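Below is one structure, written out as structure tokens; the observations come after it.
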4 protein chains.
Amino acid sequence: MAQENNHEELVLSEDPNHPANLICSLCKNFYSLGWVTGTGGGISIRHDSNVYLAPSGVQKERINPQDIFVMDFPTKSYLRRPPSLKPSACTPLFMASFTKRGAGACIHTHSQAAVLCTLLTKGSTWSIANIEQIKAIPRPSTGGYYGFFDKLVIPIIENTAHEEDLTESLEKAIDEYPDTCAVLVRRHGVYVWGDTVWKAKTQAESLDYLFQLAVEMVKLGMEPAGPITPAE
Amino acid sequence: MAQENNHEELVLSEDPNHPANLICSLCKNFYSLGWVTGTGGGISIRHDSNVYLAPSGVQKERINPQDIFVMDFPTKSYLRRPPSLKPSACTPLFMASFTKRGAGACIHTHSQAAVLCTLLTKGSTWSIANIEQIKAIPRPSTGGYYGFFDKLVIPIIENTAHEEDLTESLEKAIDEYPDTCAVLVRRHGVYVWGDTVWKAKTQAESLDYLFQLAVEMVKLGMEPAGPITPAE
Amino acid sequence: MAQENNHEELVLSEDPNHPANLICSLCKNFYSLGWVTGTGGGISIRHDSNVYLAPSGVQKERINPQDIFVMDFPTKSYLRRPPSLKPSACTPLFMASFTKRGAGACIHTHSQAAVLCTLLTKGSTWSIANIEQIKAIPRPSTGGYYGFFDKLVIPIIENTAHEEDLTESLEKAIDEYPDTCAVLVRRHGVYVWGDTVWKAKTQAESLDYLFQLAVEMVKLGMEPAGPITPAE
Amino acid sequence: MAQENNHEELVLSEDPNHPANLICSLCKNFYSLGWVTGTGGGISIRHDSNVYLAPSGVQKERINPQDIFVMDFPTKSYLRRPPSLKPSACTPLFMASFTKRGAGACIHTHSQAAVLCTLLTKGSTWSIANIEQIKAIPRPSTGGYYGFFDKLVIPIIENTAHEEDLTESLEKAIDEYPDTCAVLVRRHGVYVWGDTVWKAKTQAESLDYLFQLAVEMVKLGMEPAGPITPAE
């Protein structure tokens with residue numbers, strides 16, 4: 001199944017927008033955002049029939065294209081496995097977004113703001129309402145995006161001992177929340193996907209902005225999903 | 001009206017202070033300040049009779065000069081429209097600062113501190129007083145700047161479903177607050193302008209500093225616009 | 001004992017992964033994380049029989065390979081002493097992790113989050129439980145890592161007037177907590193070690209993430225080591 | 001008095017440690033630390049009989065060596081004045097540290113943490129005790145540095161309408177607190193000096209670390225200058 005030869009041509013390119021180069025530059029970006037501290041988190045990009053995956057347990061801000069795994073999406077077999085590295089434990093979760101939503105990229109972060117939002121909310125969803133940045137989040141059922149006067153709802157699933165064991169509940173959340181582009185994992189982080197790598201990034205950044213803002217609102221005694229109070 | 005050919009000479013220059021280059025380098029700067037997360041926010045520069053505009057919905061820290069729109073200020077017609085990009089939805093708001101104030105640049109941020117200040121203030125203005133950084137904010141009615149012992153007042157307008165629908169209330173706030181160089185938008189962010197791009201940047205940074213400081217003061221039980229308490 | 005000639009060959013290499021180069025690039029990294037502000041903190045790497053040490057009292061983000069000390073691990077004698085520099089006062093503490101645990105690298109930070117955690121905890125240990133990032137911390141007694149449902153316990157030792165006087169209590173904590181890869185120092189910071197430089201970095205980052213998260217949890221009224229509250 | 005020709009040889013050098021180059025690289029550094037937001041704050045370096053000064057009102061992260069003023073320290077006359085720029089309004093305050101303390105560099109920041117500490121303290125001094133980072137602060141009366149068990153005391157002066165009007169009270173604070181290497185300015189920021197540029201930087205960073213830590217301690221209900229509570 002896995003092929004042991006070293007198909008470097010799949011990951012070496014001078015195009016900065018080649019998926020292998022993008023994974024490296026975006027992981028540096030995500031490191032500076034605090035999303036992939038201590039090798040946590042990651043990103044996978046699907047391009048044509050290829051899925052590009054960062055390895056497990058490496059410094060995300062120091063990944064090189066040679067470290068990238070490539071999988072054939074239709075057959076789920078690896079076209080390239082860098083020697084002495086393991087594919088990310090997030091792989092089945094990234095795949096769920098590709099398979100169930102046709103996503104072009106999926107980002108997993110251990111953002112502290114995401115974790116805090118899952119701790120501030122006992123229920124199975126997290127919400128925020130009436131913040132401009134919500135408008136960056138797509139709402140497939142309407143063919144467009146959330147509006148300013150809408151309430152954004154993101155499902156939360158419970159964490160498990162092993163990352164791959166999250167797959168079933170993540171897939172269930174994807175099915176039950178057809179409008180969501182993200183699933184929070186309690187005490188763990190968040191998975192965010194998008195039609196393209198740039199949409200995934202925009203949505204991951206916008207959600208993280210909303211998570212951060214919500215934590216600050218709670219500190220200041222405000223309810224992130226509360227009604228708009230009329231001006232006095 | 002819009003011209004479809006690709007006038008690259010309007011945006012390609014080796015001068016780092018050319019407006020098209022400045023928009024790119026300043027957007028990188030603003031991204032690291034958290035002002036343009038998730039493609040939100042932006043900047044427009046007016047130079048002679050040309051207005052330079054960043055496109056809508058692109059990663060602000062990765063904009064290239066080729067992505068920049070150029071408008072003829074007197075006729076409001078586009079001299080350059082990059083193919084497959086849309087001009088920023090903020091365009092009419094940027095234009096308001098150019099038309100009503102003769103601004104040389106206008107910056108729009110989704111700064112979380114700005115949003116929090118609009119949430120902490122129910123009324124139609126936000127204020128802070130007696131902080132040195134206030135002295136970076138111009139006060140046209142005096143021909144100079146705010147003084148340390150002054151109270152800075154920034155109008156807040158209510159957010160709308162569509163960004164362009166803010167134009168009327170933003171123009172009204174500009175008229176009603178002739179000393180202001182900024183308008184806060186509740187639950188959204190802030191627009192800040194200046195006579196030059198550098199003055200706009202200084203004023204946007206100084207206001208953001210004051211927004212951040214005010215949020216921290218509230219967390220610590222202090223009133224940002226309160227009187228100076230005499231030393232004990 | 002100390003040799004006064006200037007063995008530059010021990011620290012000059014074009015390999016970015018040479019320990020002398022790594023100390024320089026990691027110190028820049030740590031500076032941007034706020035770990036080595038004001039020349040505090042540092043890192044030592046052990047490679048084969050050589051121990052590489054940053055000098056005392058220099059700007060950590062501006063260290064050059066020529067500034068690095070090299071010690072012969074078996075004899076504890078210096079193979080290289082840069083003129084006019086002093087070895088780090090942390091040296092005996094770094095050595096404790098090499099000698100007692102066979103560590104390949106040891107990182108010392110003055111992280112504010114670490115200091116705050118030692119202030120929030122009166123006892124001789126700090127704990128956090130049920131956060132995904134815990135899984136990045138090794139647990140030698142099990143041959144593996146902490147699990148999500150485990151409680152992580154890090155010993156805290158009391159600070160002393162002189163850094164080198166911490167050696168005895170640090171060694172005692174290492175003996176008494178065979179599973180720990182870190183020792184907090186009250187009102188001071190933390191020492192974190194790992195089998196390799198990358199494991200030390202991953203563990204230091206993961207612990208700092210947990211320290212930061214714990215401080216935020218306390219601000220929000222939550223107990224970092226408390227039981228998981230069932231979803232409502 | 002002021003000489004109008006453009007002595008570029010005083011500021012152009014390929015040595016990165018030339019004072020004109022250092023001011024540029026350190027101002028970039030300070031911008032990323034949030035110390036010189038909106039053109040606030042600055043640094044002056046004294047080298048032999050020359051004093052190097054950044055101009056007023058420019059983007060600190062974009063200063064070039066050609067923008068630097070040079071003053072002859074014995075005569076206080078300018079050896080170089082860049083055309084169309086004004087010397088920093090902080091100049092007489094920087095000079096006070098050179099004249100009264102023989103400092104080699106003086107740093108002025110608008111750090112929000114410094115401002116918050118002056119707001120949290122009604123009296124004429126700010127204090128913190130028993131934090132390791134205090135040991136980076138010199139204590140001239142002992143010929144050495146503060147110890148871990150000492151209490152650090154920094155004088156606070158009241159702000160004035162014009163920066164240069166701070167000179168008298170700053171000089172008075174320098175006289176009254178012979179051990180201090182810094183003076184806080186209420187609702188404004190801090191001045192920190194050192195024997196060399198590197199000592200000034202280390203002390204400014206260490207004090208800012210302590211200001212930040214103190215603000216967090218207050219948020220968590222702790223007294224930064226309180227006694228050490230014995231371990232339970």
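From a predicted model like this one, the values you see are computed outputs, not experimental measurements. Naming convention: chains lettered A, B, ... in sequence-line order (proteins, then strands); numbering from 1 in each chain. Side chains included, hydrogens not; waters and symmetry mates left out as well; all remaining heavy atoms used.
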SB check K201(C) E61(A) (cutoff 4.0 Å):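 Answer for the salt bridge query: yes.
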Side-chain heavy atoms of K60(C) within contact of F30(C), under 4.5 Å: no
Expected output: side-chain R186(A) to main-chain T121(A) donor-acceptor under 3.5 Å: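 Yes, because the side chain of R186(A) sits within donor-acceptor range (under 3.5 Å) of the backbone of T121(A).
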Highest number of heavy-atom pairs under 4.5 Å with chain C among G38(A), G34(A), A161(A) belongs to G38(A)
Can you tell which of N159(A), T39(A), T160(A), V115(A) has the highest number of heavy-atom pairs within less than 4.5 Å of chain C? N159(A)
Using heavy-atom distances under 4.5 Å, tell me whether [X] contacts chain A through its side chain, its backbone, both, or neither.
X: A200(C); result: neither
X: K199(C); result: neither
X: N29(C); result: side chain
X: L33(C); result: side chain

Interchain contact, S32(A) with chain C, by part (heavy-atom threshold 4.5 Å):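 It is neither, since no heavy atom gets under 4.5 Å.
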Using the ring of each side chain (for Trp, its six-membered ring), is H108(A) parallel, tilted or perpendicular to Y191(A), with breaks at 30° and 60°?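 Geometry flag for Y191(A) against H108(A): parallel rings.
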Comparing Q203(C), K219(C), E216(C) against chain A, the one with the most heavy-atom pairs below 4.5 Å turns out to be E216(C)
